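One structure is given below, encoded as structure tokens.
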Amino acid sequence: MPADYKNVQGYTILKVKNMELKQVGKNTYYIENATNIGIYKTDDDNVYLIDSGNDKEAGKKILKIINAEGWNVKGIISTHSNADHIGGNKFIQDRTDCKIYADKIEKCFTQYPVLEPSFLYGGYPFKDLRHKFLLAKESVVTEIENNLPCGLEYFPLKGHFFDMIGIRTSDDAVFLADALFSEETIEKYHIFFIYDVKAYLNTLQKLKELKAKIFIPSHCKATDDISHLIKLNENKINEIANTICDYCKNETAFEEILKYIFDKYSLTMNANQYMLVGSTIKSFLSYLYDEEKLTYEFRENKMLWKQA
């Protein structure tokens, strides 16, 4: 496929099948896609990727762009282990023999991807949950600590997933993984997956103090100002927490709370949504219990939640 180059604001952009390579610093690039992919050049020939997209096809497109530039992939840095961020790992690793780096629990989930749908479902995932959007291919993973090349550093972004990280490059570009969700996503779905609500809110507070030349969230457009996004995400988290708390004025079972949330926000339940939203609602219940806003008791073999 011939490369399609154009110049925008002094930078060269390469487009390959709905993926655009954009340069945002001397050595820093990203591929604009449903899941943005970071690229950092360590020298004229070698690059490190930040995430790898959601599947083998994404991996193929990424490598087409990399090959068109004459680069070699030395490594992939996985910000976290959700399938839409590690789905291209195996294909790219098989083709390039690159190393893959992840942090702590994310390393385990990236190396053994069946852990993700198993964790989300709370048991062995039935076949409708064993698909590429939740279950990536296995790859060989190395612990990230002390293994990043000069010019890259990582920092914790806990909340969305266990040990999610962000990446800062020497060009003062910061890749934020899933620490922020777009206004469009919030308006359409209202609820986005969160593992630890309190940690997520703490991360949002830290992001308010974070400075960079450009910020690149995984599912938002790159921007030099994330203050509006932080506020949108923070407001929605607090709204969901208050909605659940208000609904639990009377003793209420989890399934009733889940149905209420789906009905309130006009969401459509299916196996994926039941699992993802359901897991997130459980995280909110844990947060509200730890904050002493909700309590629970067991009655007639039901776990019932109620305002404290």
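Since this is a predicted model, take the numbers as computed values, not measurements.
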side-chain hydrogen bond (donor to acceptor under 3.5 Å, both in side chains) with Asn46: of Asp44, Asp43, Thr42, only one passes, and it is Asp43
Distance alone, cut at 3.5 Å: any donor-acceptor contact between the side chains of Thr28 and Thr169?
yes
Checklist line | Check: Asn54/Thr35 side-chain N/O donor and acceptor closer than 3.5 Å | finding: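 No - no donor-acceptor pair under 3.5 Å links their side chains.
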Taking the six-membered ring for Trp, are [X] and [Y] ring centroids under 6.0 Å apart?
X: Phe161; Y: Phe109; answer: yes
X: Tyr101; Y: Tyr154; answer: no
X: Phe181; Y: His160; answer: yes

Any carboxylate oxygen within less than 4.0 angstrom of a Lys/Arg side-chain nitrogen, looking at [X] and [Y]?
X: Glu57; Y: Lys132; result: no
X: Arg168; Y: Asp172; result: yes
X: Glu32; Y: Lys22; result: yes
X: Glu256; Y: Lys259; result: no
X: Glu291; Y: Lys198; result: yes

Only residue of Asp178, Ile105, Asp103 satisfying side chain to side chain contact (heavy atoms under 4.5 Å, CB included) with Met164 is Asp178
So salt bridge (charged side-chain N to carboxylate O under 4.0 Å, His left out) across residues 83-95, not counting sequence neighbours, yields Lys90-Asp94
Heavy-atom distance under 4.5 Å between the side chains of Trp305 and Leu288, does that happen here?
no
Requested in this report: State, yes or no, whether a side-chain contact exists between Val24 and Asp171 at a heavy-atom distance under 4.5 Å.
Outcome: no
Tyr112 atom OH, over 12 foreign heavy atoms within 6.0 Å
no
### Task
Describe, in one word, how the ring planes of His85 and His219 are oriented to each other, choosing from parallel (under 30°), tilted (30 to 60°) and perpendicular (over 60°).
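It falls in the perpendicular class, over 60°.
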Q) Parallel, tilted or perpendicular for Tyr289 and Tyr296, by the 30°/60° rule? A)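 Correct class here is tilted.
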- Query: For Leu115 and Cys108, which heavy atoms make the closest approach, and how far apart are they?
  - Reply: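 So the two residues come closest at CD1-O, 3.8 Å.
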